[in-house]
Student: 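Please find one structure pasted underneath; my questions will follow.
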Amino acid sequence: MMKYSNGKGKIISNREVAPDHYKMEVEAPTTFGEALPGQFVMVKVSDGVVPILRRPFGIFQTNKDRGSFEILYRKVGEGTRLLADIAPGVNLDILGPLGTGFDLDLSGDNPILIAGGVGIAPLYMLAKELVSAGKQVKVLFGSRGKNDLLVVDELKTLGIELLIATEDGSEGFKGYGTGLLEELLERGEEISSVYACGPEPMLEKVDKIAISHNLICQLSLEAIMACGFGVCLGCVVKTCTKDKDREFDYNRVCCEGPVFNAGEVIWDEA
Amino acid sequence: MKPDLSVEIAGLKLKNPVMTASGTFGYGLEYEPFFDIGQLGAIAVKGISLKPRPGNAPPRVIETPAGMLNAIGLQNVGVEAFINEKLPLLNKKGVTVIVNFFGNTDEEYVQLAEKLNGTEGIAALEMNISCPNVKEGGIVFGTDPKVAHDLTKKIKKVTTLPLIVKLSPNVTSIGEMAKSVEDAGADALSMINTITGMSIDIRKRKSKLANMTGGLSGPAIKPVAVRMVWEAAKAVKIPIIGIGGIMSAEDAIEFIIAGASAIQIGTANFINPSIALEIIKGIETFMLEEKIEKISHIIGSLSQ
C-alpha cells in the first residue's frame, strides 16, 4: 500500500525568493521524510470551495531534522496567488507525498539535470541526493532572465557544477537550457544520464535530444489534476503502448508519473 | 443511544446512507490508504463497459467556480478485467458493491447486465443513461423518457439484481423522466449526474477541454440537484439516491430531507479522500443533536 498522509501541516515560512517566485516550508507528518525526488504534494490553498481543487507542487526538499518539507512555486493563477498570501503559523491541508519520482539508479556517474524556471524545484532535491551518492552532477538552469533565476546560492553549495542559460542573455549562455545541453553534447562531454523538469516545449526538446543521442533520460511532467492519487483520471498523458491492439495508452501523470522515461510520452502536435 | 443510520434501498440493507459516486472512487482500492472502505454504506464503482475504453484526449478536467468540469470519456478497464481483477479484491474488504455500467447500444447494455447478473459479489447495478461525454451513447438514452423507459424494461428482464437508474439533469422535466423509468420497473433512482457545461480560454479562443464540453460537478450544482431530487421524489414511489456537490454532512442531510433515501459523494472525494467517513460521523452527530433515532425518519421530511 502507498504511504501517504492526508492532514495538516503548519507553515514555517512562506517568502518571495525572486519576483513572483515563493519558497514555502511546511511542518509535515513523518511520511514526508520518505519523499523521493520528483514526488509531489497536493495542497489546499483555501478553506472554502473557491478554488475547490488542491494544487500539485513538486517537493523542493525535505528536512528530516526539522520534520518539514519545502516547495518552490511561481505565482501564476488564482491558487498560487492565494497561497502566496498565507502567513506562517497557518495550518495547511496537505496530501502526499504522491507520484512516481526520479529513478536514481539510472543516473550513472555523470548525470545532467536540466531545469526550466520553477522546474528547478524537484531537480534541486534530486541533485542533492545524487551528490551524496557520489555522482558528478551538472545542473543546467534555464530562465527568462537573470532576475528569474531561483535558489542559485543553494544550488552552488550542493557541490554541483551549475551552468546558467537565460533567454535574454543577462546571465550565462544566451538561449535555452536545451541549447546548453546540445553544446555539451557537441563538445563530447561525458553524460551518463539526463533528468529534466520544466515547461512542456522544453521537455519535448530534451526528449528529442535524448532519443537522438541515445541518452538515458527522465522527464518530470506537469498536468491539471483533480485528485493527485489516481482516481479522477483527469491528468492523463498520451504514452507509447506495448499492447498491439492499441495505438497508445493514457497514463496518469499523478501515478505512473509525474516522471516518465524519454521516448515514453507522445507529444501533441499543437 | 447510538443513532440508527441504516437504510434500505430496493431490498438492499445498507449500514448507512453514505455511498461514493461512480467515477470519483475508482474501484475503491485507491482509497485504502485513507480509511477502511468497509465502513461505507456502499460504493458505486467507476462505470464499466463491455470492452476497455481509453477515454478522451486531455485536457480532461478544468476547475470552475465551486466546481469542476470533466470530460474523462468513461475510461475504464472493461467488464472482464473488472470481474477478474477488481471485484474479488473489493469483496475481500466486505464493502457493498454497486456496479455502474453503460453501453453505446441497447444490446451492449443488455449483454453487460446479463454478464454482471451472473457474477457473485455484486449487490446492485447502477445504469448510467446520462453520461454527457460520449457522443454515440449516454445523452440519447438519458434525455428521452420513452428511450429510457424501454431500455430500463429490457435490463429488468435480464437481471435479478436491484436496478438503480442514474438520471441525467440535462432534461426538461425530471419528474417525467423519473416516472417513466419507475414505470419500466427501476428499483431506485440515483441523481443527478453532471450538468453539461463549457469553459473557454478567451486568449486562445479555445475550449479548456479537448472534448469541448464536459460535466459540471461540485457544490456549484448542489441547489439544482436538491431541487431535482425533491421534484423526482414527488413523482415516484421508488427510493432515490441523492447526488450533486455534497461536501459535508449538512449537505447530505439536505438531500435526505428533500426526499433522498441515501446519498453519493462525488467530487469531494478528490479533494478530501477521507470525506465519506467524516460525513458518516457528521450525520451521526446531527442525529444526536436533533434527537433523531433513525435516519429513515427524516427522508422526505420537508415541511410544506
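Because the structure is predicted, anything quoted here is derived from the model rather than measured. Labels below follow one simple rule: chain letters A, B, ... track the order of the sequence lines, proteins then strands, and each chain is numbered from 1.
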Student: Around atom NZ of A:Lys44, are there more than 12 heavy atoms from other residues, nucleotides or ligands closer than 6.0 Å?
Tutor: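 Yes.
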Student: Please classify the contact of B:Ala220 with chain A as side chain, backbone, both or neither, using a heavy-atom distance under 4.5 Å.
Tutor: neither
Student: In terms of heavy-atom contacts, does CG of A:Asp47 have more than 12 from other residues, nucleotides or ligands at under 6.0 Å?
Tutor: no
Student: Could you tell me the separation between the CG atom of B:Asn56 and the CG atom of A:Leu233, rounded to the nearest 0.5 Å?
Tutor: 11.5 Å
Student: Can you check whether A:Ile52's main-chain N or O pairs, donor with acceptor, with B:Glu63's side chain at less than 3.5 Å?
Tutor: yes
Student: Does A:Glu200 have more than 12 heavy atoms from other residues, nucleotides or ligands lying within 6.0 Å of its CD?
Tutor: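 Check fails, neighbour count at 12 or below.
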Student: Using a heavy-atom distance cut-off of less than 4.5 Å, which residues of residues 22-31 of chain B contact chain A?
Tutor: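 Listed by number, the contacting residues are B:Gly23, B:Thr24, B:Phe25, B:Gly26, B:Glu30, B:Tyr31.
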Student: Quick one: pull up SG in A:Cys232 and CD1 in B:Ile72 and give me the separation to the nearest 0.5 Å.
Tutor: 5.5 Å
Student: Using atom types as modelled and distance alone, determine if a side-chain donor or acceptor of B:Arg60 lies under 3.5 Å from a backbone N or O of A:Val236.
Tutor: no
Student: Can you tell which part of A:Leu53 gets under 4.5 Å to a heavy atom of chain B, answering side chain, backbone, both or neither?
Tutor: both
Student: Do you know which of B:Ser274, B:Pro219, B:Pro65, B:Pro273 has the most heavy-atom pairs under 4.5 Å to chain A?
Tutor: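 Max contact count across the listed options: B:Pro273.
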Student: Quick one, B:Phe35 with A:Asn6, criterion side chain to side chain contact (heavy atoms under 4.5 Å, CB included). Give me CA distance, side-chain angles, the key distance, then yes/no.
Tutor: CA-CA 11 Å; B:Phe35 70 101; A:Asn6 173 26; over 6 Å; no
Student: Give a yes or no on whether A:Lys75 atom NZ has more than 12 heavy-atom contacts from other residues, nucleotides or ligands under 6.0 Å away.
Tutor: yes
Student: Considering only residues two or more places apart or on different chains, which pairs with a residue in residues 92-101 of chain A satisfy salt bridge (Lys or Arg N to Asp or Glu O under 4.0 Å)?
Tutor: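 Listed by first then second residue: A:Lys8-A:Asp93, A:Arg54-A:Asp93.
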Student: How close do A:Tyr250 and B:Pro58 get, counting heavy atoms only, and between which atoms?
Tutor: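 Of all heavy-atom pairs spanning A:Tyr250 and B:Pro58, the closest is CE2-CD, 3.7 Å.
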Student: Going by the rule side chain to side chain contact (heavy atoms under 4.5 Å, CB included), which residues pair with B:Ala225 if we only count those two or more places apart in sequence or in a different chain?
Tutor: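 Scan of B:Ala225 (side chain to side chain contact (heavy atoms under 4.5 Å, CB included), adjacent residues dropped) gives B:Ile192, B:Phe255.
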Student: Please table the atom pairs, donor to acceptor, closer than 3.5 Å between any side-chain atom in residues 220-231 of chain A and protein atoms at least two apart or in another chain.
Tutor:
none

